[in-house]
2 protein chains.
Amino acid sequence: MRSTAAELEKVPSRRERVRAATIKEIKATAMGMLREHGADLRFADIAREMGMTAPALYRYFADRDQLLSALMVDGFAEMSTQLTAALEATEPDDLAGWIRAAAVSYRNFAKADPARFSLLFGLPNPGFGQHNQHTSGPAAGATMATLEQSLRAVIDKGQLAHPLIRYVGPQWATEAGTAQAADGARIPADAYQALLHFLAAVHGFACLETFDHLHWISDQARDELFEAQIELLQLTTGALPPPSDPDRP
Amino acid sequence: MRSTAAELEKVPSRRERVRAATIKEIKATAMGMLREHGADLRFADIAREMGMTAPALYRYFADRDQLLSALMVDGFAEMSTQLTAALEATEPDDLAGWIRAAAVSYRNFAKADPARFSLLFGLPNPGFGQHNQHTSGPAAGATMATLEQSLRAVIDKGQLAHPLIRYVGPQWATEAGTAQAADGARIPADAYQALLHFLAAVHGFACLETFDHLHWISDQARDELFEAQIELLQLTTGALPPPSDPDRP
DNA sequence: CGTCCTTCGTTACGAGGCTTCACGTTTGTG
DNA sequence: CACAAACGTGAAGCCTCGTAACGAAGGACG
């Protein structure tokens, strides 16, 4: 920090590289511990697994909370990456495909690594303090923004023309129209409503499943129910026409 | 325990009464601490607030986990009570009213006491061990059963005749038809699917809201969006007729 | 009324985790 | 080679959980 020349150096020095690698290894080891032993993460364990002692970790993370925060930031970033990858593989005017891809990606992220999902979305973390709010909060917002921007791209194609319900209250209509000025674009209120509906349904399913509140349903049945959930979301957003139901008058 | 006569005594002795009161006070104080200081619950703090010392609490709860478990059991019981009360106030053949009452009650439970909701549904509690699974698990299941049985009563009135989607996979259909033999009744698979869809949407909304993932929406707008969510659930279960949408072909 | 026994609460204490500190050691640099 | 920065270690302090031993309160029963 003393010389401005050092600040402008773009190529990281050897020290910086090995330091970055160590940080990465610490985080990887910590995530492994979280996966195995649950939420009670012991600094000494991480260090021992790396062939070090506990105090050495404080050269890299000032605090146990900061390590958890870093894991959360990485987790949200990875989630955004996976969502983005899944959504970019869909056709830009295929709202039904978008919904399926987003829902499946969201759920798979939770299923593939329940410990990480718990870390991200199970709020009462041990020692959850102010610090986490200020570092992981924006990261969580970025994940939300990923969904939002991607959905907006689809919506701009006019694919949300016939949602099943487009009721929105006056307060929400004004907020949705104005609040997102940061991105430079306005969002139709009903589109944003659709996003929130989608998010609530998929997030709720993922939470229930990950936190073991659906243990009375077999894995296969859960898969089928999730499929039905997806189809329902496609219907309610008007991405699919309603099914021809002979019972329906 | 030595005399069988004492076991059969129905009226609790004075000691038992004061002990029960103390347990109640401990739990109340602990919940207060949870509400104020978050998840890091210190035994010494609880004791001090009660004018006692920490080891005294071990006369009433063998473990910090057992205290948390007791709080969870009470929380789920209270949630069941509130849900039951809200649902009993609805007409028995009014599915739309049932959905509104259940959703509002569920969300209000979360909003009224976010700390308790976090305790119940934010899984990664500090020191979450095997014990919690075996004590609070059934309590959580009881809450689910409350919703299920109440919904079944409504469904038995034939109100779920025209759900928007009644797709269910073969695995789920057989499970839903057979698994609930414990209650002596079978449940139509599509009804159970509707329950799960309802649960995912409402639980997801409550989680997002409680865990502050919707901080970018004002309170009023959130209320409006939740209203829209309810209406959507009413539509997808066939409780309400689809709106007359001039844009719809 | 006096004695006993159970329960309750306290002080004292040990175990274990987080975090800091002082000190050597390694490593890159001029 | 000399120097400085970063790194890692052992020792130590602090805090919390949980246990143990002891004293006090209070109901049960002669």
Side-chain angles (χ1 to χ4, degrees), chain A residues 1-3 5-7 9 11-26 29-30 33-34 36-71 125-129 131-132, chain B residues 1-7 9 11-26 29-30 33-34 37-71 125-129 131-132:
Chain A
M1 281 296 178
R2 200 171 36 184
S3 81
E7 288 180 14
E9 260 182 294
V11 59
S13 77
R14 164 166 180 77
R15 283 206 112 113
E16 287 169 318
R17 268 184 290 129
V18 61
R19 178 179 178 84
T22 305
I23 288 178
K24 198 172 172 184
E25 185 186 350
I26 293 173
T29 310
M33 294 286 186
L34 277 185
E36 288 178 35
H37 306 330
D40 53 345
L41 190 62
R42 275 179 290 272
F43 249 46
D45 290 356
I46 303 173
R48 188 169 344 105
E49 182 137 329
M50 295 177 61
M52 303 192 345
T53 57
L57 299 183
Y58 288 84
R59 298 282 181 192
Y60 303 93
F61 294 95
D63 209 334
R64 190 173 161 284
D65 279 9
Q66 283 206 10
L67 172 56
L68 284 178
S69 272
L71 292 180
N125 276 316
F128 193 85
H131 182 260
N132 291 38
Chain B
M1 281 294 176
R2 199 173 36 186
S3 79
T4 54
E7 287 180 13
E9 260 183 292
V11 58
S13 76
R14 162 163 184 81
R15 285 205 109 114
E16 286 168 319
R17 268 184 291 130
V18 61
R19 178 178 178 85
T22 304
I23 288 178
K24 198 171 172 184
E25 185 185 352
I26 293 173
T29 309
M33 294 285 184
L34 278 185
H37 307 331
D40 53 345
L41 191 62
R42 277 179 290 273
F43 250 48
D45 291 356
I46 303 172
R48 184 166 354 100
E49 182 135 329
M50 295 177 61
M52 302 191 348
T53 56
L57 299 183
Y58 288 86
R59 299 281 182 192
Y60 302 93
F61 295 95
D63 208 336
R64 190 173 162 284
D65 279 9
Q66 283 207 9
L67 172 56
L68 284 178
S69 273
L71 292 180
N125 277 317
F128 193 85
H131 183 261
N132 292 38

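In what follows, chains are A, B, ... by sequence order, proteins preceding strands, each numbered from 1.
Minimum heavy-atom separation, B:A30 to B:L71: CB-CD1, 4.0 Å. Between B:A70 and B:F61, the closest heavy-atom pair is CB-CE2, 3.8 Å. Of all heavy-atom pairs spanning B:T22 and B:M50, the tightest one is O-CE, 4.3 Å.
Nucleic acid contact class of B:Y60 (heavy atoms, under 4.0 Å, all strands): sugar-phosphate only. Using a 4.0 Å heavy-atom criterion, one finds that A:A44 contacts the sugar-phosphate atoms exclusively. Within 4.0 Å of B:L41, counting heavy atoms only, lie sugar-phosphate atoms of the nucleic acid but no base atom. Among the protein residues, B:F43 comes within range of the sugar-phosphate backbone only, with heavy atoms under 4.0 Å from sugar or phosphate atoms but none that close to a base.
Atom-to-atom, CG of A:L67 to C1' of C:dG17 comes out at 15 Å; the value is rounded to the nearest Å. For B:F61 and C:dC8, the CZ to P distance is 12 Å, given to the nearest whole Å. Put simply, CG on B:L57 is 12 Å from C1' on D:dG18, counting in whole angstrom units. One atom, NE2 of B:H37, and another, P of D:dT16, lie 12 Å apart when rounded to the nearest Å.
One finds a side-chain N or O of A:R14 lying less than 4.0 angstrom from the OP1 or OP2 phosphate oxygen of C:dG28. For A:T53, a side-chain nitrogen or oxygen approaches OP1 or OP2 of D:dT9 to under 4.0 Å.
With distances taken from any side-chain atom of A:P55 to the nucleotides D:dG18, D:dG27, D:dG10, the minimum falls on D:dG10. Closest to the B:A56 side chain, of the nucleotides C:dT20, C:dG9, D:dT9, is C:dG9. Side-chain atoms of B:R42 lie closest to D:dC17 of the nucleotides C:dT7, D:dC17, C:dG9. For B:R59, taking side-chain heavy atoms from C-beta onward, the closest of the listed nucleotides D:dG8, D:dG18, C:dG9 is C:dG9. Nearest to the side chain of B:R15, among C:dT20, C:dG9, D:dA25, sits D:dA25.
Toward the 5′ end of DNA chain C lies the nearest nucleotide of A:D45, the other residue of the pair A:A62 and A:D45 mapping further downstream.
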Checklist line | Check against side-chain contact (heavy atoms from CB on, under 4.5 Å), B:L67 and B:L57 | finding: CA-CA 10 Å; B:L67 172 56; B:L57 299 183; 5.8 Å; no
